[in-house]
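Data first, discussion second: the structure below is written as structure tokens.
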Amino acid sequence: MKYAKTKEVLNQLVADLSQMSMVIHQTHWYMRGEGFLTLHPMMDDFMDDVNDQLDVVSERLITLDGAPYSTLQEMADHTEITDEPGNWDHSMQERLAILVKDYRYLADLYQKGIEVSGEEGDDATQDIFIGFKTATEKRIWMIQAHLGKAPEIDA
């Protein structure tokens, strides 16, 4: 297989972006308190962005003759993003910190994709990874700024 490592990263992203969508949904559904009126609709934008990335990643995998995970069980079995049952115990700051943690994981996975697609000479997929890593780092910066923190992208 010409792009074996690239396909592995793409499929990992299929599982992780699917799970990330649920983490964002949970943040959206279980938020209360200061910032609700601003943050609640913002989560819709975050979900749209992650779902758009998922579609592009899945379609690229298919383009490379791969087979994206397509069941909830496959997503659950392969994701590296943790989940927990929804509850009202987390503050908005804690929920946003969870999003930052998960976005950092995705940024690292996109970096891995940049590296392996470069090694395998798949410039088109590498371009996708670069764009989505850039967008993910911007999300990290924006959430961290809301939390009164530096982005810490280079940490």
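FYI, side chains are in, hydrogens and waters are out, and symmetry mates aren't considered; it's all heavy atoms of this structure. Since the structure is predicted, the reported quantities are computational estimates derived from the model, not experimental observations.
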Practice prompt. State which residue, out of D55, D122, T6, fulfils the side-chain hydrogen bond (donor to acceptor under 3.5 Å, both in side chains) condition with R60.
Written response: D122
Look up atom [atom1] in [X] and atom [atom2] in [Y], then write down how far apart they are to the nearest 0.5 Å.
{"X": "F46", "Y": "I24", "atom1": "CZ", "atom2": "CD1", "value": "7.5 Å"}
{"X": "H40", "Y": "M92", "atom1": "NE2", "atom2": "CE", "value": "10.0 Å"}
{"X": "L106", "Y": "E80", "atom1": "CG", "atom2": "CD", "value": "11.5 Å"}
{"X": "M43", "Y": "M31", "atom1": "CE", "atom2": "CE", "value": "5.0 Å"}
{"X": "D83", "Y": "M75", "atom1": "CG", "atom2": "CE", "value": "14.0 Å"}
{"X": "K7", "Y": "E120", "atom1": "NZ", "atom2": "CD", "value": "9.0 Å"}

Hydrophobic clusters here meaning ILVMFWY residues chained together by side-chain heavy-atom distances under 4.5 Å, can you tell me if [X] and [Y] are in one?
{"X": "I62", "Y": "V57", "value": "no"}
{"X": "Y105", "Y": "V100", "value": "yes"}
{"X": "V14", "Y": "M47", "value": "yes"}
{"X": "L37", "Y": "M42", "value": "yes"}

Item to complete: Apply side-chain contact (heavy atoms from CB on, under 4.5 Å) to Y103 and I143, showing your working.
Response: CA-CA 10 Å; Y103 275 122; I143 297 170; 3.9 Å; yes
Strictly by modelled atom types, are [X] and [Y] linked by a side-chain donor-acceptor pair under 3.5 Å?
{"X": "E137", "Y": "T134", "answer": "no"}
{"X": "Y110", "Y": "Q53", "answer": "yes"}
{"X": "Y30", "Y": "N87", "answer": "no"}
{"X": "E8", "Y": "Q12", "answer": "no"}

Worksheet entry | Neighbour count above 12 (heavy atom, 6.0 Å) for K149 NZ |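 Check fails, neighbour count at 12 or below.
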Worksheet item: Is the count of non-hydrogen atoms from other residues, nucleotides or ligands lying under 6.0 Å from E34 atom CD greater than 12?
Response: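 No - once you tally the heavy atoms of other residues, nucleotides and ligands closer than 6.0 Å, there are 12 at most.
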Worksheet item: Is a side-chain N or O of T27 found less than 3.5 angstrom from the main chain of V23, in a donor-acceptor match?
Response: yes
Discussion item. Tell me whether S117 contacts the main-chain N or O of I114 through its side chain, where contact means a donor paired with an acceptor under 3.5 Å.
Written reply: yes
Discussion item. Using side-chain hydrogen bond (donor to acceptor under 3.5 Å, both in side chains), reason through Q19 and H78 one step at a time and then give a plain yes or no.
Written reply: CA-CA 10 Å; Q19 178 65 16; H78 293 96; over 6 Å; no
Worksheet item: What orientation do W29 and H25 show, parallel under 30°, tilted 30 to 60°, or perpendicular over 60°?
Response: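 Aromatic pair W29/H25 classed tilted.
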Worksheet entry | Pair D49 + R139, salt bridge at N-O below 4.0 Å |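 Yes.
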Item to complete: Over all heavy atoms of both residues, which pair between I140 and P151 is shortest? Give the atoms and the distance, please.
Response: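 I140 and P151 have their closest heavy atoms at CG2-O, 3.7 Å.
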Worksheet item: Would a 4.5 Å heavy-atom cut-off, applied to side chains only, mark K112 and K5 as touching?
Response: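 Counting from C-beta outward, K112 and K5 never come under 4.5 Å.
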